[in-house]
Asker: 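Please find one structure pasted underneath; my questions will follow.
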Amino acid sequence: MRKIKLFILVLLTSIFNQTLNAQEYFLKKYKPFDPDIPSPEEFLGYPVGSHHTRYDRIVAYFNKLAEISSKASITQYGQTFEFRPLIILTVSSPQNMTNLEQIRDRHLQFIDPSVKEPDSEDLPVFINLGYGVHGNEPSSAEAAMLTAYTLIASQNSQIQNQLESAVMFIDPTINPDGRDRHTWWANMYKADPLVADPLDVEHNEVWPRGRTNHYWFDLNRDWYLAINPESRGKLEWYHKWYPNVVTDFHEMGSSSTYFFEPMKDNGSLHPIMPEANYTTLNDTFARYYKEGLDSIGSLYFTKEVFDGTYPGYGSSYPDLQGGLALLFEQASSRGHVQKKDDGSTLTFAFTIRNQFVSSMATITAGVENKALLYNYQKDFFKSAISNASKSQVKAYVFGDRYDKNRTLAFIDKLLLHKIEVYKLSEGITISGRKFDPEFGFVIPTEQAQYRMVQSIFETYSDFRDSVFYDASAWSLANFYNMPFEEISGSFKKGDMVTEMTSLFERKEVDRSDYAYIISWDDYNAPAFLYYLQDNGVLASSTFKSFTISTSRDQAKQFDLGSLLIPVKGQTIPEDSLFNLVKSGTEKFAVEVHTATSGYSLSGVDLGSGNIMKLKKPEILMLIGEGISSYEAGEVWHLLDTRMQMPVTKVQIRQFDRIEFHKYNVMVMVSGGYGQLDSIKQQKIKSWVSQGNTLITIRNASEWIIKQKLVSEILIEEKKDTIVKQLPYITARENIGKERIGGAIFSVELDLTHPLCFGYQEGEIPVYRNSTVWIKPSKNPYSTVAKYTEDPLIDGFITDKNMNDNLKKSASLIVSKMGGGRVIMFVDNPNFRGSWYGTNRLFLNGIFLGQKIRVPE
Ligand SMILES: [Zn+2]
């Protein structure tokens with residue numbers, strides 16, 4: 001008994017010491033602390049850095065702080081796919097907290113270019129401390145708790161003063177779903193004593209790892225694209241508060257040290273960013289990080305890497321909103337402690353301390369440079385107006401006559417970015433393209449969000465740098481394949497668009513006792529089709545067009561792909577069919593036409609063999625180690641959230657368990673596929689040959705050609721026969737510029753091909769971020785999309801890649817495999833969930849691929 005007591009005492013003492021040391025290690029500088037406020041250690045029951053904190057515990061701690069302190073309040077700005085709340089803890093002096101709405105009103109005057117001289121005297125600066133956008137970069141969320149505790153509990157006079165002069169918005173974890181995947185992993189494999197060997201399982205997460213969100217999206221690309229609830233909630237919050245400073249904390253390779261801005265010289269030269277952002281402001285703030293990190297002896301580097309040109313990072317979007325966004329990168333301990341290449345060890349606590357020091361330095365820098373930041377913010381929005389007035393482009397007109405839901409999805413993004421959009425009040429024709437008030441909209445350039453308007457419509461082909469950290473093209477109008485034109489003269493505008501539900505008229509379905517017809521042009525048409533199929537409705541697709549009388553039109557033309565749903569011959573009663581068609585049209589906002597006769601005015605009749613019954617797709621996708629989780633996630637997200645159809649995701653290690661007869665479509669996204677030996681390859685081949693459809697994307701298309709499973713040909717890289725000697729130091733630059741980080745090119749579609757049904761224009765933009773080059777097929781009917789004569793729309797490509805590769809290659813090919821077919825995408829049609837313009841090619845593969853017969 002005594003022994004046990006002694007043991008408990010020793011254990012408690014050791015925990016206590018550890019706690020005490022942890023407090024000292026992080027917080028010494030900010031003593032004394034208010035004893036009534038629990039420290040993270042007291043609340044969690046373990047010292048910060050000794051364990052990975054579950055997200056619900058972080059939320060609980062923040063709730064506790066908000067509950068007991070008059071210096072803090074908590075806001076929920078959204079919810080993740082896995083139902084985790086997205087929160088922000090607002091921290092300031094008790095007086096500021098009571099006057100927050102008034103302070104916000106004054107702050108927002110700096111956003112409004114029409115306010116002549118807003119006054120920043122006694123106005124607190126707004127600092128948004130954002131943490132943990134990448135779930136397996138866990139140090140910053142732990143630092144968020146230390147920061148919140150310090151601000152609320154420290155009785156140090158410097159902190160007291162800072163609370164008077166600033167409002168802090170602490171977002172402890174931008175990506176909670178990803179964080180918990182990693183937290184679970186690191187804690188599950190944590191040993192006692194800790195294992196520092198980098199090869200230990202604790203340091204090597206399983207696929208798909210914790211970086212991304214539920215659908216495996218990188219949220220640090222999504223601020224601009226706004227596809228996921230995490231970013232959508234954040235944008236709503238952001239445009240309510242417009243912080244002056246925003247942090248974005250990350251982790252990088254374990255062998256590195258620490259990075260803070262400025263970024264590399266050339267990379268930061270943004271085409272539309274005020275120079276003061278990446279010179280004056282960055283340099284000013286850098287002095288504070290230098291001081292903070294020097295004081296604890298941490299090594300760091302700046303200026304050598306990263307660029308902030310792509311507007312969708314947490315460290316770039318706020319720059320386009322009059323704020324200063326700051327990137328931090330900490331060498332990762334990925335786990336609790338890890339041995340580095342040089343023999344030293346990196347502890348989780350050490351990584352947390354660097355992030356904490358940078359957090360506190362950001363607050364000091366923000367407070368001490370408040371006037372500079374407010375002036376910058378004011379000038380930013382005023383210069384938006386003056387820049388626009390100098391531009392030749394006075395407005396953009398846009399809209400798709402045939403596809404209302406794709407137009408709505410585009411408008412949704414514009415509104416999230418607070419861009420002013422107006423209805424067209426009268427028809428307008430520019431460069432031969434006519435926009436009618438029925439579907440057209442106009443965006444004046446002279447508005448506070450002019451720089452976002454530029455980001456969405458302008459394209460660039462001249463760059464000061466050629467190596468990109470990510471994409472070199474982001475013109476969103478091209479992502480959506482949205483018809484648009486520039487207006488350089490005067491224009492008229494109708495009502496401002498403030499919400500989307502009533503933008504387009506919704507038409508009821510007329511009941512038919514003969515047939516219903518649905519055009520294939522609308523983005524939601526495939527979702528509607530699946531809904532009908534899944535409810536037992538037999539539907540056919542039109543492979544030759546026709547014009548027919550409907551209940552509303554004397555003569556209505558139906559293009560390729562139009563869906564025919566005959567009333568007779570279904571397995572469900574006519575009443576049920578009508579109810580399904582009716583509920584479908586409400587659910588997907590797609591118009592349904594009613595035919596009373598099968599006899600066409602022109603083209604094929606409704607009983608024609610060119611109108612073919614479709615089988616419901618049963619889809620399988622290979623996932624797992626070696627396969628791109630991003631691309632797989634994009635497919636999963638598209639089918640789940642937009643098409644509302646299931647896809648069976650099979651781990652490649654369980655390939656042998658697949659009962660292939662249950663599926664008729666298989667998707668293979670980019671990946672190594674080395675695990676598929678010749679026996680497994682034959683299994684796939686024999687299944688496809690039985691009439692099924694295999695869809696490959698990017699590197700999977702390259703793989704299937706290399707395995708000689710299809711008879712297409714890759715373009716081999718031209719090797720120079722004479723090797724020119726080059727300076728060693730230029731190697732990275734020279735090699736880097738040959739990879740295509742992401743650029744937009746135009747392709748020519750074969751509009752008669754089933755994969756192109758639903759497209760009205762023969763040229764569309766595609767997104768390329770690979771150097772997979774496939775020759776156009778020898779079969780004259782196989783090449784569905786080929787690059788145009790002058791294909792560059794937006795972004796960077798070297799002349800060599802353009803002339804030797806791109807111009808000579810195809811973007812989309814369908815190859816015969818026995819009685820089935822392989823649909824090979826070279827360019828990812830589902831990129832970042834945002835390529836509404838090319839999604840249809842992929843969905844056509846899923847729904848209509850079954851009917852493609854490639855002639856010999
Ligand atoms: Zn990161």
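Indexing begins at 1, ligand by ligand and atom by atom, following the structure's order.
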Asker: Leaving out waters, which are not shown anyway, how many protein N, O or S atoms lie closer than 2.8 Å to the Zn ion (ligand 1)?
Answerer: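 Total protein N/O/S atoms under 2.8 Å from the Zn ion (ligand 1): 4.
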Asker: Please identify each residue that fulfils ring pair (Phe, Tyr, Trp, His ring centres under 6.0 Å) with Phe43, with sequence neighbours left out.
Answerer: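 Partners of Phe43 under the ring pair (Phe, Tyr, Trp, His ring centres under 6.0 Å) test: Tyr61.
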Asker: Angle class for the Trp237/Phe169 ring planes (parallel below 30°, perpendicular above 60°, tilted otherwise)?
Answerer: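 Perpendicular, since the angle between the ring planes exceeds 60°.
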Asker: Going by an N to O cut-off under 4.0 Å, is there a salt bridge joining Lys339 and Asp197?
Answerer: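 Salt bridge: no.
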Asker: Applying salt bridge (Lys or Arg N to Asp or Glu O under 4.0 Å), name anything that partners Arg84, two or more places apart in sequence or on another chain.
Answerer: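 Partners of Arg84 under the salt bridge (Lys or Arg N to Asp or Glu O under 4.0 Å) test: Glu82, Asp177, Asp180.
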Asker: If you take the centroid of each ring, where Trp contributes its six-membered ring, are His336 and His52 closer together than 6.0 Å?
Answerer: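 So the answer is yes for these two rings.
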Asker: Please enumerate all residues that pass ring pair (Phe, Tyr, Trp, His ring centres under 6.0 Å) together with Tyr215, with sequence neighbours excluded.
Answerer: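 Per chain and number, Tyr215 pairs via ring pair (Phe, Tyr, Trp, His ring centres under 6.0 Å) with Phe81, Trp636, His637.
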